[in-house]
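Report on one structure; see the data block that follows.
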Number of protein chains: 2
Amino acid sequence: MTKQVRNTAAKTAVMEMLSQSSTALSHGEIYQSLAETCDRVTVYRILDRLIEEGVAHRIALSDGTVKYALCEQCGDGHHHAHSHLHFNCVLCGGVSCLEVEIPHVQLPRKYKMHDVSLVVNGLCAACNS
Amino acid sequence: MTKQVRNTAAKTAVMEMLSQSSTALSHGEIYQSLAETCDRVTVYRILDRLIEEGVAHRIALSDGTVKYALCEQCGDGHHHAHSHLHFNCVLCGGVSCLEVEIPHVQLPRKYKMHDVSLVVNGLCAACNS
DNA sequence: CATTTATTGCAACATAGTTGCAATAATTTA
DNA sequence: TAAATTATTGCAACTATGTTGCAATAAATG
């Protein structure tokens, strides 16, 4: 039988925070916003579990920074490639998923593509004025 | 007057290593290959300097891991966007720059693109047999 | 309400990256 | 070639980020 899933206060708080936020959040940002009401490690494990459950996904920015976001538009829970791009605003620092098709890239012969990670840095709509 | 550049044994060794390597290397990999003949911090600073000089560039993989590679095909020293993609083989773990044009992506209105980071995970030519 | 076991907190650890400062050594200049 | 200049290094110390084991806690099930 498959491992059961429990909803705890901490997990609910993390999900709430991610769902309220207009930007993807790092572990540290989440931990601090929780006013440190639960352990650092717990936040890591909750995030791991949310990803495991297909509720959230991990985003690595172009400098290696890791952020987390809910899988809003991604429908049902089954695991799938997130073939949307991630936008990182150089002004406000915000990170958001843009539901833009990633154009096909042609690889050299014999190369096999599994998945793609596309991060665009620039000015978001709010900052570009 | 502009800051002078000095060539030291450590710096030469790092450049040699990067130039011999068929894959981009992490700080840790470089440090260990140097048999720890120079300090950890020195390796960080050499890598920073190589990037500053436009000789090398930093690559963040889709899991946030950071690697370094020389700017082989990138010609003269002036700073420029590296608009090629980075390929990460899921089997051998190798990371290489592929000189493939990154197709243009259309952003939503008001978004302004500065630069793009594209990482493709999959099987490299050598591992795909 | 009792049982099961997923989840948490804590301690301890591992890795990655940064900063200040005094000592060293690559260039430049005399 | 020797002296002066200053980029570079090594060391110590620190911060940030992520992981693991284990005992204690608390959801969910019956």
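What's counted below: heavy atoms across the whole structure, side chains too, no hydrogens, waters or symmetry copies. Throughout, a chain's letter reflects where its sequence line sits, starting with A, and its residues are numbered from 1.
Atom CG of B:Asp48 is separated from atom P of C:dA16 by 16 Å (rounded to the nearest Å). Rounded to whole Å, atom P of C:dT28 lies 15 Å from atom NZ of B:Lys3. Put simply, CG on A:Asp63 is 15 Å from C1' on C:dT18, counting in whole angstrom units. Atom CD1 in B:Ile46 sits about 12 Å away from atom C1' in D:dA7, given to the nearest Å. Atom CZ in B:Arg58 sits roughly 8 Å away from atom P in C:dG17 (whole-Å rounding). At whole-Å resolution of the value, CG in A:Leu47 and P in C:dT7 are 14 Å apart.
Direction of the helix axis in the helix from C:dC1-D:dG30 to C:dA30-D:dT1 shifts by 40° between the two five-pair termini, rounded to 10°.
B:Ile102 and A:Tyr111 fall within a single hydrophobic cluster, where Ile, Leu, Val, Met, Phe, Trp and Tyr side chains are chained together by heavy-atom contacts under 4.5 Å.
Taken to the nearest 0.5 Å, the NZ atom of A:Lys110 stands 10.0 Å off from the SG atom of B:Cys127.
By the salt bridge (charged side-chain N to carboxylate O under 4.0 Å, His left out) test, B:Asp48 is found to be paired with B:Arg58, residues two or more places apart in sequence or in another chain being considered. For B:Ser62, the side-chain hydrogen bond (donor to acceptor under 3.5 Å, both in side chains) criterion is met by B:Asn121, not counting sequence neighbours. Considering only residues two or more places apart in sequence or on other chains, A:Asn128 meets the side-chain hydrogen bond (donor to acceptor under 3.5 Å, both in side chains) condition with none of them. The side-chain hydrogen bond (donor to acceptor under 3.5 Å, both in side chains) test applied to A:Thr37 returns no partner, not counting sequence neighbours.
Scanning both residues, B:Val100 and A:Gln106, for their nearest heavy atoms gives CG1-O, 3.4 Å. A pairwise comparison of heavy atoms in A:Leu34 and A:Val14 identifies CD2-CG2, 4.1 Å as the closest pair.
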For nucleotides 9-15 of chain C, just jot down a letter per nucleotide in 5' to 3' order: B, S or -, based on protein non-hydrogen atoms under 4.0 Å. BBB----
Letter per nucleotide, 5' to 3', of nucleotides 23-30 of chain D [B base touched, S only sugar-phosphate touched, - untouched; heavy atoms, 4.0 Å]: ---BBS--
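Below 30°, between 30° and 60°, or above 60°: for B:His86 and B:His57 the angle between ring planes is below 30°, a parallel geometry.
Among pairs with a residue in residues 18-32 of chain B, those fulfilling salt bridge (Lys or Arg N to Asp or Glu O under 4.0 Å) read B:Glu29-B:Lys67, at least two apart in sequence or across chains. Applying the side-chain hydrogen bond (donor to acceptor under 3.5 Å, both in side chains) test to every pair with at least one member in residues 7-19 of chain B, sequence neighbours left out, gives these pairs: B:Lys11-B:Glu53, B:Glu16-B:Gln20.
Less than 4.0 Å separates DNA chain D from no heavy atom of any residue of residues 13-29 of chain A.
Summarising the hydrophobic clusters (Ile, Leu, Val, Met, Phe, Trp, Tyr; side-chain heavy atoms under 4.5 Å, direct or chained), the residues clustered with B:Val90 are B:Leu91, B:Leu123.
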Tabulate below the donor-acceptor pairs under 3.5 Å that side-chain atoms of residues 39-47 of chain A make, not counting sequence neighbours, or state none.
from: A:Asp39; atom 1: OD2; to: A:Val41; atom 2: N; distance (Å): 2.9

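Taking for each of A:Arg49 and B:Tyr44 the nucleotide of DNA chain C with the nearest heavy atom, the 5'-most of the two is the partner of A:Arg49.
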